[in-house]
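Side-chain atoms are counted along with the backbone in the values below, which use heavy atoms only and exclude waters and symmetry mates. Counting convention: from 1, in listed order, for ligands and their atoms alike.
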Amino acid sequence: MSQYVKEENRLNDIKKYDIVVERLENRGVVLEDIAQITLDLQKKYIPNLSFEFCLEHVKKVVRKREVQNAILTGLELDILAEKGLISEPLSSMLLNDYGLYGIDEILAFAIVNVYGSIGFTNFGYVDKLKPGIIDVLDKAGKQPGVCNTFLDDIVGAIAAAAASSIAHRFAD
Ligand code: MG
């Protein structure tokens, strides 16, 4: 095993991977939804890029401990807000996806940060365009009692990070 692969593995948490994937599914997101966004982001730069390759990179992102920690934290806050277990004034900000709250994006930065500055560029692009499942989550989050405030940014960040991972791979 090369030194590079060992370093990569040290940042992974295989035990938590299944829990994180299941938590995302419970919130209506499968990794395939995220891979589709990654494919849409990167296909204009890489001809013949396959969906399976994108899915592989989405899984690679979700294996990272730092990414898992961000996902677990964000999803927990969305769920607690829905259950009415968060006090004011934070409760209303989360349930109404208050535009100037901003901490949902900050948390998502922990995910895109893993792949350097190109991650931030891709995330900004996804955040503006709201492609695929992100638009679905955004609209669902506007229903009373539903909170997807952190989830939409988490999904966008994973897609952006996977796109960045692919870009780095093709640069090699
Ligand atoms: Mg948000």
Discussion item. Please check: side-chain N/O of H168 versus main-chain N/O of Y115, any donor-acceptor pairing under 3.5 Å?
Written reply: yes
Worksheet entry | CD1-CD1 distance between I19 and I71, expressed to the nearest 0.5 angstrom | 12.0 Å
Worksheet entry | salt_bridge(R169, E56) N-O dist < 4.0 Å | no
Practice prompt. State, to the nearest 10 degrees, the angle whose vertex is the Mg ion (ligand 1) and whose arms point to OD2 of D153 and OD2 of D104.
Written response: 90°
Discussion item. Which atom name would you report as the N, O or S atom of D152 nearest the Mg ion (ligand 1)?
Written reply: OD1
Worksheet item: Is there side-chain contact between I158 and L31, with at least one heavy-atom pair below 4.5 Å?
Response: no
Discussion item. Counting backbone and side-chain atoms alike, is an N, O or S atom of T149 positioned under 2.8 Å from the Mg ion (ligand 1)?
Written reply: yes
